[in-house]
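Only heavy atoms go into these numbers, but all of them, side chains included; no hydrogens, no water, no symmetry mates. First the proteins, then the strands, lettered A, B, ... as listed; each starts at 1.
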Amino acid sequence: MANKSSGTDVELMLLAVLRDGPAHGYGIIVALRDRSNGEFDFAEGTIYPALHRLEKAGLIESSTDIANGRPRRTYAMTTHGTQAFAEQRRSWHDYVTGVKAVIA
Amino acid sequence: MNESPIETYLNELSRRLRGAGRIKRRMLEEVSDHLHAAAADLHVGDLSQHDAEAEAVGRFGPVRDIATTRPRRSPAARVALILIAVIVAGGLFDAAVQRQLGAAAPSVCAQALPIQILDIPAKPGPPAVPAPLVARQPSDRSPHGQVCQP
């Protein structure tokens, strides 16, 4: 069953994918689908507003090259993004630990 | 139906996208690259080119979820909005002036013109004759309806 995620969750997962290296939008979607074993199979277009928010916040940056005759934008994590990801991941783990303790 | 689903989608997205030209162009480029890459992956399997594009578009999601859905206003609606804004601003400005003059009522009374133009209410009936200008001496009321102190 595919999960629905909030915008913040999606942004955290996007950062997690980009932590492993630069990627373009479609590549990020494929990575998300593979790494979640299909659990996060949301409308692919929804990642772009999230990517643009992350870039505006300075957590990622993008550059354009040409692939298959078309412009392709590639995203990469910034230093600020790496720090923000570490903090958000810690918060997420704390949250999950708390929820697990409650529902166990 | 031989029209490319991707081109159809991009045309629809282009119509709906709002914002500066470079932002719109960037979004269209990204979506185009994404859809073509996805369709190429799907086409490797059993799907035809057309079906692969249709599947890629379906996975991408409805245009309305990607584009800003704020409706475009007609020129008439824009003019109406501007007029309303002008009227509201004028009303606020007038109220502010009235407040200022009200606070300074004695000096306004002292400087009132010796001749004042009175408003003659319109009368129903025969064609209107140009309203006469009625002169009068300064009264004990200011032009703004406030009583002057002697």
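Neither the backbone nor the side chain of A:Thr74 comes within contact range of chain B; no heavy atoms are under 4.5 Å apart. Contacts between A:Ile29 and chain B at a heavy-atom distance below 4.5 Å involve the side chain alone, from C-beta outward. Of the atoms belonging to A:Arg70, it is side-chain heavy atoms, and not backbone ones, that fall under 4.5 Å from chain B.
In terms of heavy-atom pairs under 4.5 Å with chain B, the best-connected choice from A:Pro49, A:Ala67, A:Ala43 is A:Ala43. The candidate with the highest count of non-hydrogen atom pairs below 4.5 Å against chain A, out of B:Arg26, B:Glu29, B:His36, is B:Arg26. Of all the listed residues (B:Ala56, B:Ala38, B:Pro62), the one sharing the greatest number of non-hydrogen pairs under 4.5 Å with chain A is B:Ala38.
Relative orientation of the B:His34 and A:Tyr26 rings is perpendicular, given thresholds of 30° and 60° on the angle between their planes.
Put simply, CZ on A:Arg35 and CG on A:Asp20 are 4.5 Å apart, with the number rounded to the nearest 0.5 Å. Rounded to the nearest 0.5 angstrom, A:Ile47 CD1 and B:Glu30 CD are separated by 8.5 Å.
Remark: B:Arg15 engages B:Glu12 in a salt bridge, criterion side-chain N to carboxylate O under 4.0 Å.
Looking only at atom types and distance, the side chain of B:Gln49 has a donor-acceptor partner in the side chain of B:Glu53 under 3.5 Å away.
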